[in-house]
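I have placed the structure first, in the form of structure tokens, so that the comments after it can refer back to it.
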Amino acid sequence: MATTMTTKMVFTTLEVADICKVSIGLVARWFDSGRLKGNKIPCTQNRLVPREYLVTFMKSYGISLDGLS
């Protein structure tokens, strides 16, 4: 039986906060300032960050990628 590993491709603000070990508020400020790219869901406060943007952001700010594994 083959085992497949799925990789999460989109993260919520809460998930990004957990991965980066920071507060949700800080992630929201990163997003709102344009430093962290992603999509804001209309009519809500929810933000979604694609994996590729999160990895790029983490590398550029020296944040360990360990939380993504």
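Heavy atoms only: backbone and side chains are in, while hydrogens, waters and symmetry mates are out.
Listed by first and then second residue, the ring-ring contact (aromatic ring centres under 6.0 Å, His included) pairs that reach into residues 14-61 are Trp30-Phe57, Phe57-Tyr61, sequence neighbours excluded. The salt bridge (charged side-chain N to carboxylate O under 4.0 Å, His left out) analysis of residues 51-67, with sequence neighbours excluded, yields no pairs. The stretch residues 18-36 participates, sequence neighbours left out, in these salt bridge (charged side-chain N to carboxylate O under 4.0 Å, His left out) pairs: Asp32-Arg47.
The closest side-chain heavy-atom distance from Thr12 to Asn46 is not below 4.5 Å.
Ser23 is linked by a side chain to side chain contact (heavy atoms under 4.5 Å, CB included) to Leu26, counting only residues two or more places apart in sequence or in another chain.
The only member of Ile19, Leu36, Val49 that meets side chain to side chain contact (heavy atoms under 4.5 Å, CB included) when paired with Val27 is Leu36.
The hydrophobic cluster containing Ile24 also includes Leu14, under a criterion of side-chain heavy atoms closer than 4.5 Å among ILVMFWY residues, counted directly or through chains of members.
Val10 and Leu54 are not part of a single hydrophobic cluster, where members link through side-chain heavy atoms under 4.5 Å apart. Val55 and Leu48 sit in two unconnected hydrophobic clusters of ILVMFWY residues. Membership requires side-chain heavy atoms under 4.5 Å apart, directly or through other members.
A distance of 11.0 Å separates OG1 of Thr56 from NZ of Lys37, quoted to the nearest 0.5 Å.
Contact detail for Thr13 and Ala28: the closest heavy-atom pair is CG2-N, 4.3 Å.
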